[in-house]
S.K.: 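Can you read through this structure? Questions will come right after.
Atoms considered below: every heavy atom in the structure, side chains included; atoms not considered: hydrogens, waters and symmetry mates.
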Amino acid sequence: MADNQTFTYQNQDIIYQKVGEGKPLVILHGWGSSKRVMMPVAQNLSNLRTSYVLDLPGFGDSPEPSRAWNIDDYADVVQAFIESLGKEKVDVLVHSFGGRIILKLCARDFGKNRIAKVLITGGAGMKPRRSMKYYIRKYTAKILKAPFMLLPGSLREKALGWLRTTSLWKSLGSSDYSKLSGVMRETFVKSVTEYLESCLPKIPHETLLIWGRNDDSTPVYQGQRIEKGIKNAALVIIEDAGHYAFLDKPKQFARIAEAFFKAG
């Protein structure tokens with residue numbers, strides 16, 4: 001098993017593992033996940049690529065940032081990591097939340113110059129279609145918060161802290177949100193409320209999108225939207241797979257990824 005290594009960016013330690021040989025491939029996990037989940041993908045590509053599998057700040061073995069981060073902050077740290085690898089272009093393979101980061105990064109001049117091929121699976125970042133249930137929960141939460149917002153500063157924060165511990169409040173939040181506290185809760189809110197459609201026309205990269213047909217976290221229509229927005233993108237759908245298509249159908253996913261990275 002690969003040993004943990006550390007990259008430090010502005011006093012923030014990023015833990016990662018390196019496996020395989022060949023051109024560099026940077027692998028980013030999804031929200032609430034870690035490098036451990038992505039290592040089987042790196043192992044399957046180890047004959048083609050030297051994979052750098054990161055634990056993003058606040059996940060896995062990497063400590064939380066000292067303040068709430070937004071997507072640009074995560075893009076900055078990934079950019080710095082790529083810079084540390086030398087001047088060779090890198091490929092990237094990202095899942096879910098990692099998709100948000102790479103859409104931001106690929107739209108930058110740095111990404112256009114230093115990133116070669118892009119593989120996104122179950123990528124987040126598109127504005128989701130919302131159900132009536134979502135809006136009921138959203139406005140119920142606003143109504144519950146309203147009286148507390150009238151309190152002076154210290155009392156308001158104390159009261160809101162109590163509200164967040166109640167079963168009613170927890171029932172209104174997403175499962176990801178309800179598990180969080182402090183810096184990572186704020187980071188989550190900053191991340192999921194930023195939509196990245198505007199990045200898509202700026203991305204020139206050859207981009208492969210791999211989606212599970214049954215993905216209910218980032219449904220197929222979101223992959224279709226990314227495909228339409230990125231000029232050189234192609235979408236492959238894996239049947240009988242969900243949000244973690246690379247775990248649900250590992251052999252099929254590996255064959256598709258290998259063909260993509262071997263070509264050109």
S.K.: For the CD1 atom of Ile115 and the CD1 atom of Ile102, what is their distance to the nearest 0.5 Å?
M.R.: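 One gets 4.0 Å once the value is rounded to the nearest 0.5 Å.
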S.K.: Residues in side chain to side chain contact (heavy atoms under 4.5 Å, CB included) with Asn44, at least two apart?
M.R.: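 Per chain and number, Asn44 pairs via side chain to side chain contact (heavy atoms under 4.5 Å, CB included) with Ala254.
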S.K.: Of all heavy-atom pairs between Pro65 and Gly58, which one has the smallest distance, and what is that distance?
M.R.: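 Looking at all heavy atoms of both residues, the shortest contact is CD-N, 4.1 Å.
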S.K.: Quick one: does any side-chain atom of Ser34 pair with a main-chain N or O of Arg36 as donor and acceptor, under 3.5 Å?
M.R.: yes
S.K.: Step by step, would you call Val92 with Val78 a side chain to side chain contact (heavy atoms under 4.5 Å, CB included)?
M.R.: CA-CA 11 Å; Val92 293; Val78 174; over 6 Å; no
S.K.: Is a donor on one side and an acceptor on the other found under 3.5 Å between the side chain of His29 and the backbone of Leu56?
M.R.: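 A pair under 3.5 Å: yes.
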S.K.: If we ignore hydrogens and angles and just use 3.5 Å, is the side chain of His95 paired with the main-chain N or O of His243 as donor and acceptor?
M.R.: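 Checked: pair present.
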S.K.: Are side-chain heavy atoms of Leu28 and Leu54 found at a separation under 4.5 Å?
M.R.: yes
S.K.: Does some side-chain heavy atom of Pro40 sit less than 4.5 Å from a side-chain heavy atom of Phe246?
M.R.: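 Side-chain contact under 4.5 Å: no.
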S.K.: Please tell me if the side chains of Asp248 and Asn214 come closer than 4.5 Å, counting only heavy atoms from C-beta onward.
M.R.: no
S.K.: Identify the two heavy atoms, one from Pro57 and one from Gln12, that lie closest to each other, and give their separation to 0.1 Å.
M.R.: CB-NE2, 3.7 Å
S.K.: Determine whether a donor-acceptor pair (N or O, by modelled atom type, separation under 3.5 Å) exists between the side chain of Lys249 and the backbone of Gly212.
M.R.: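 Between the backbone of Gly212 and the side chain of Lys249 there is no qualifying donor-acceptor contact (under 3.5 Å).
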S.K.: Do Ile230 and Val118 make a side-chain contact, defined as non-hydrogen atoms from C-beta onward lying under 4.5 Å apart?
M.R.: no
S.K.: Once you round to the nearest 0.5 Å, how far does OH of Tyr221 lie from NZ of Lys228?
M.R.: 14.5 Å
S.K.: Shortest non-hydrogen contact from Ala42 to Ile27?
M.R.: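 That closest heavy-atom pairing would be CB-CD1, 3.8 Å.
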S.K.: For residues 67-80, which residue pairs pass the side-chain hydrogen bond (donor to acceptor under 3.5 Å, both in side chains) check, not counting sequence neighbours?
M.R.: Arg67-Asp73, Asp72-Lys104, Asp72-Arg108, Asp76-Arg108, Gln79-Arg108
S.K.: Are the side chain of Asp91 and the backbone of Leu25 linked by a donor-acceptor contact shorter than 3.5 Å?
M.R.: no
S.K.: To check you understand the geometry: which heavy-atom pair defines the closest contact between Cys106 and Pro204, and what is its length?
M.R.: O-CD, 4.3 Å
S.K.: Can a donor-acceptor pair be found, under 3.5 Å and without considering hydrogens, that links the side chain of Thr50 to the backbone of Gly22?
M.R.: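 Yes: the side chain of Thr50 pairs with the backbone of Gly22.
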S.K.: Apply side chain to side chain contact (heavy atoms under 4.5 Å, CB included) to the pair Phe261 and Lys23, showing each step before the final yes or no.
M.R.: CA-CA 10 Å; Phe261 288 122; Lys23 295 178 181 178; over 6 Å; no
S.K.: Give me the atom names and distance for the closest heavy-atom approach of Asp215 to Gly122.
M.R.: OD2-CA, 3.8 Å
S.K.: How many angstroms lie between atom CD of Glu258 and atom CZ of Arg255, to the nearest 0.5 angstrom?
M.R.: 9.0 Å
S.K.: Examine distances only and state if a side-chain atom of Thr207 and a backbone atom of Asn232 form a donor-acceptor pair shorter than 3.5 Å.
M.R.: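 Checking the backbone N and O of Asn232 against the side chain of Thr207, no donor-acceptor pair under 3.5 Å is found.
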S.K.: Return yes if some donor-acceptor pair links the side-chain N/O of Arg100 with the main-chain N/O of Ile71 below 3.5 Å, else return no.
M.R.: no
S.K.: Start with the C-alpha gap between Leu103 and Ile120, add the side-chain angles, then the distance that decides, and say whether side chain to side chain contact (heavy atoms under 4.5 Å, CB included) holds.
M.R.: CA-CA 9 Å; Leu103 291 179; Ile120 300 172; 4.1 Å; yes
S.K.: Do Ile15 and Phe7 belong together in a cluster built from hydrophobic side chains that touch within less than 4.5 Å?
M.R.: no
S.K.: Can you tell me if Glu194 uses its side chain to pair, donor with acceptor, with the backbone of Gly125 under 3.5 Å?
M.R.: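 No, the answer is negative, given that no donor and acceptor are paired below the 3.5 Å cut-off.
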S.K.: When you check the gap from the basic side-chain N to the acidic O, do Arg225 and Glu197 get nearer than 4.0 Å?
M.R.: yes
S.K.: Quick one: are Trp211 and Ile226 in side-chain contact, heavy atoms under 4.5 Å?
M.R.: yes
S.K.: Locate the shortest heavy-atom distance separating Lys190 from Ala68; write the atom from each residue and the value.
M.R.: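 Taking Lys190 first and Ala68 second, the nearest heavy atoms are NZ-O, 3.7 Å.
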S.K.: Where does the angle between the aromatic ring planes of Phe59 and Phe97 fall among parallel (under 30°), tilted (30 to 60°) and perpendicular (over 60°)?
M.R.: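 If you compare the ring of Phe59 with that of Phe97, the planes turn out tilted.
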S.K.: Between atom OG1 of Thr187 and atom CZ of Arg185, what is the distance when rounded to the nearest 0.5 Å?
M.R.: 11.5 Å
S.K.: Hey, quick one: are Leu93 and Tyr244 part of the same hydrophobic cluster, counting side-chain heavy atoms closer than 4.5 Å, chains of contacts allowed?
M.R.: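 Linked, Leu93 and Tyr244 end up in one cluster.
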S.K.: What do you reckon, is CG of Asn11 surrounded by more than 12 foreign heavy atoms closer than 6.0 Å?
M.R.: no
S.K.: Hey, could you give me the OG/CD1 distance between Ser191 and Ile101, rounded to the nearest 0.5 Å?
M.R.: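 Rounded to the nearest 0.5 Å, the OG-CD1 separation comes out at 8.0 Å.
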S.K.: Can you tell me how far CD of Glu227 sits from CG of Leu208, rounded to the nearest 0.5 angstrom?
M.R.: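 Rounded to the nearest 0.5 Å, the CG-CD separation comes out at 10.0 Å.
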S.K.: Answer whether the closest heavy-atom distance between the side chains of Ser62 and Tyr16 falls below 4.5 Å.
M.R.: no
S.K.: Quick one, Leu85 with Val26, criterion side chain to side chain contact (heavy atoms under 4.5 Å, CB included). Give me CA distance, side-chain angles, the key distance, then yes/no.
M.R.: CA-CA 10 Å; Leu85 300 179; Val26 173; 4.1 Å; yes
S.K.: In terms of hydrophobic clustering (I, L, V, M, F, W, Y; side-chain heavy atoms under 4.5 Å; direct or indirect links), are Ile14 and Trp31 co-clustered?
M.R.: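 Cluster IDs for Ile14 and Trp31 match.
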S.K.: Counting only heavy atoms not in Glu239, do more than 12 sit closer than 6.0 Å to its CD atom?
M.R.: yes
S.K.: When clusters are formed by joining ILVMFWY residues with side-chain heavy atoms under 4.5 Å apart, either directly or through shared neighbours, do Leu247 and Val19 land in the same one?
M.R.: yes
S.K.: Report, as yes or no, whether the 6.0 Å neighbourhood of atom NZ on Lys231 holds more than 12 heavy atoms from other residues, nucleotides or ligands.
M.R.: no
S.K.: Can you tell me if Thr121 uses its side chain to pair, donor with acceptor, with the backbone of Ile210 under 3.5 Å?
M.R.: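 Flag set: sc Thr121 to bb Ile210 pair under 3.5 Å.
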S.K.: Does either side chain, that of Gln17 or that of Asn4, offer a donor lying less than 3.5 Å from an acceptor on the other one?
M.R.: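 Judged by distance alone, the side chains do pair up.
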